Amino acid sequence: MNGTMEIAVTAGWPGDALDRLRERYTVRVREKETLLDEEALAAFIGGAHAAMTILADPVTDGVMAACPNLRIVANVAVGYNNVDLEAAARRGIWVTNTPDVLTEATADLAWALILAVTRRVVEGDRMVREGRFHGWRPDLLLGRGLQGRTLGLLGYGRIGRAVARRGRAFGMTVLFHDPGVLAGEAGDRQVGLDALLAGSDVLSIHCPLTPSTRGLLGRERLRAMRPGAFLVNTARGPVVDEGALVEALESGHLAGAGLDVYEREPEVHPGLLDRQDVVLLPHAGSATVETRSRMVELAAENVVAVLEGRPPRTPVGGRSTA
Ligand code: DGY
């Protein structure tokens with residue numbers, strides 16, 4: 001029976017998890033790098049019993065309706081805003097994500113952006129490569145120090161807490177805002193959103209994309225941030241209004257931004273592209289060989305569980321909430 005069960009994987013992954021699945025199932029992997037729209041995604045999944053998807057795949061009700069054998073959508077990401085959970089629950093389809101395994105890698109990358117933007121690392125690299133480094137000067141490429149400053153975290157889940165731990169090691173005070181959390185670790189203090197915006201020298205975003213966080217940092221809230229602060233986003237782009245962010249940078253109200261995710265990904269607001277005070281990465285938070293291998297292993301484990309009739313290890317909804 002297993003040999004006839006089919007798994008549709010919408011992207012190639014490092015590691016040998018997919019090879020191990022091939023020993024027991026028919027596995028189809030999409031090797032093209034272009035993004036799938038709903039129609040193409042439905043056509044690709046087709047009659048498969050399991051789909052292993054990426055965060056850019058729009059797993060809508062329509063897609064699930066067109067895939068009659070589908071039992072599980074194993075999203076190989078911790079975020080799952082691309083999957084219609086309510087429709088999956090109605091259709092009895094499990095939805096799983098890949099928490100924990102990417103926490104440290106994503107926190108590292110948030111810190112890479114914090115350091116890059118406050119210490120002007122990318123600007124300095126460009127200066128050297130372009131032959132504009134003519135020797136040490138006391139005022140050359142001055143950045144901003146972090147010790148004694150306040151790190152603000154919008155979202156204090158696994159990744160937010162891992163970013164906080166690094167922040168404390170850099171001598172920063174940590175504030176956070178997360179309605180789902182009662183107490184902070186090691187002196188980290190929960191505050192209201194207004195206090196977080198006004199009190200943070202570096203504001204780093206670690207909340208999921210939901211209807212209540214979409215557009216949360218619009219013009220007014222960006223204006224309410226501490227003058228001279230830095231904004232870092234490794235969570236989901238649509239939490240920030242990019243046009244308003246460009247305005248806040250242009251006016252000098254914010255000192256810089258480090259972005260790994262974009263409002264209309266993979267498009268980037270043109271106003272961000274020319275700015276020296278912005279560091280831009282291509283949604284690489286979890287992009288280490290080790291982490292990506294663990295993500296696909298966990299997703300594969302969830303698929304095997306469901307295809308064998310057991311509950312998956314990391315469900316986020318769908319059948320589990322039906
Ligand atoms: C996620 O997992 O949600 C990241 O955005 C990609 O790893």
Side-chain angles (χ1 to χ4, degrees), residues 9-15 17-18 30 33 35-36 41 51-59 72-85 88 94-114 153-163 178 180 204-214 216-217 231-240 242 257-268 279-303 312-318:
V9 188
T10 65
W13 287 89
L18 298 182
R30 184 173 183 269
E33 283 181 12
L35 297 181
L36 291 167
L41 179 62
M52 293 171 67
T53 49
I54 61 169
L55 56 94
D57 294 329
V59 191
I72 173 169
V73 174
N75 210 40
V76 197
V78 69
Y80 45 86
N81 52 286
N82 58 309
V83 185
D84 184 337
L85 291 189
W94 287 98
V95 180
T96 61
N97 70 340
T98 59
D100 297 315
V101 293
L102 47 68
T103 298
E104 303 302 327
T106 308
D108 285 346
L109 195 92
W111 265 92
L113 283 172
I114 292 171
L153 302 171
L154 182 56
Y156 193 74
R158 301 176 194 83
I159 299 172
R161 290 196 297 271
V163 171
D178 189 329
S204 191
I205 302 175
H206 301 287
C207 57
L209 178 63
T210 65
S212 60
T213 61
R214 185 176 288 277
L216 187 66
L217 295 191
L231 180 69
V232 169
N233 191 2
T234 51
R236 285 293 183 266
V239 175
V240 179
E242 262 173 30
L259 304 175
D260 186 40
V261 291
Y262 303 92
E263 196 178 352
R264 278 171 284 276
E265 208 166 301
E267 271 173 51
V268 180
V279 177
L280 304 170
L281 289 176
H283 202 146
S286 61
T288 69
V289 176
E290 299 84 349
T291 299
R292 290 280 162 86
S293 304
R294 284 190 209 118
M295 288 165 69
V296 70
E297 269 163 31
L298 177 52
E301 185 186 329
N302 284 326
V303 165
R313 188 166 126 202
T314 53
V316 288

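If you read the sequence from its start, that first residue is 1, and numbering goes on from there. Because the structure is predicted, anything quoted here is derived from the model rather than measured. Order of listing sets the numbers, starting from 1, for every ligand and every atom in it.
Taking atom 4 (C) of ligand 1 as the reference point, the nearest protein heavy-atom neighbour is His283 NE2, 3.7 Å. Considering only non-hydrogen protein atoms, atom 2 (O) of ligand 1 sits nearest to Val78 N, 2.7 Å.
Listed here is the closest heavy atom pair of Val95 and Ala88: CG2-CB, 3.5 Å. Shown here for Ala11 and Ile54, the closest heavy-atom pair between the two residues is CB-CG2, 3.8 Å.
Residue Thr106 does not touch ligand 1, judged by heavy-atom distances below 4.0 Å.
Partner of Ile205 under the side-chain contact (heavy atoms from CB on, under 4.5 Å) criterion, chosen from Leu217, Val232, Thr213, Thr234: Leu217. Results of the side-chain contact (heavy atoms from CB on, under 4.5 Å) test with Asn97 over Leu298, Leu55, Val316 single out Val316 as the only residue that passes. Here the rule is side chain to side chain donor-acceptor pair (under 3.5 Å) with Asn75, and of Asn302, Thr98, Asn82 only Asn82 fits it.
Residue contact check: Ala77 has heavy atoms under 4.0 Å from atoms 1 (C), 2 (O), 3 (O) of ligand 1. In the vicinity of Leu102, heavy-atom distances shorter than 4.0 Å reach the ligand 1 atoms 2 (O), 7 (O). Taking a cut-off of under 4.0 Å to the non-hydrogen atoms of Ser286, the atoms of ligand 1 that pass are 6 (C), 7 (O). Under a 4.0 Å criterion applied to the non-hydrogen atoms of Arg236, ligand 1 contributes the atoms 1 (C), 3 (O), 4 (C), 5 (O). When each atom of ligand 1 is checked for a heavy atom of Leu55 under 4.0 Å away, the hits are 4 (C), 5 (O), 6 (C).
Judged by distance alone, the side chain of Arg161 and the main-chain N or O of Tyr156 form a donor-acceptor pair under 3.5 Å. Proximity of a side-chain donor or acceptor of Trp111 to a complementary backbone N or O of Val163 within less than 3.5 Å is detected. A donor-acceptor pair under 3.5 Å links the side-chain atoms of Asp260 to the main chain of Ala284, judged by distance alone.
When only interatomic distances are considered, the shortest N/O to N/O separation between Gly79 and ligand 1 falls below 3.5 Å. In terms of N/O distances under 3.5 Å, ligand 1 is not approached by Arg292. Ligand 1 has no N or O atom lying under 3.5 Å from any N or O atom of Met295, backbone or side chain. The shortest N/O to N/O separation between Thr98 and ligand 1 does not fall below 3.5 Å.
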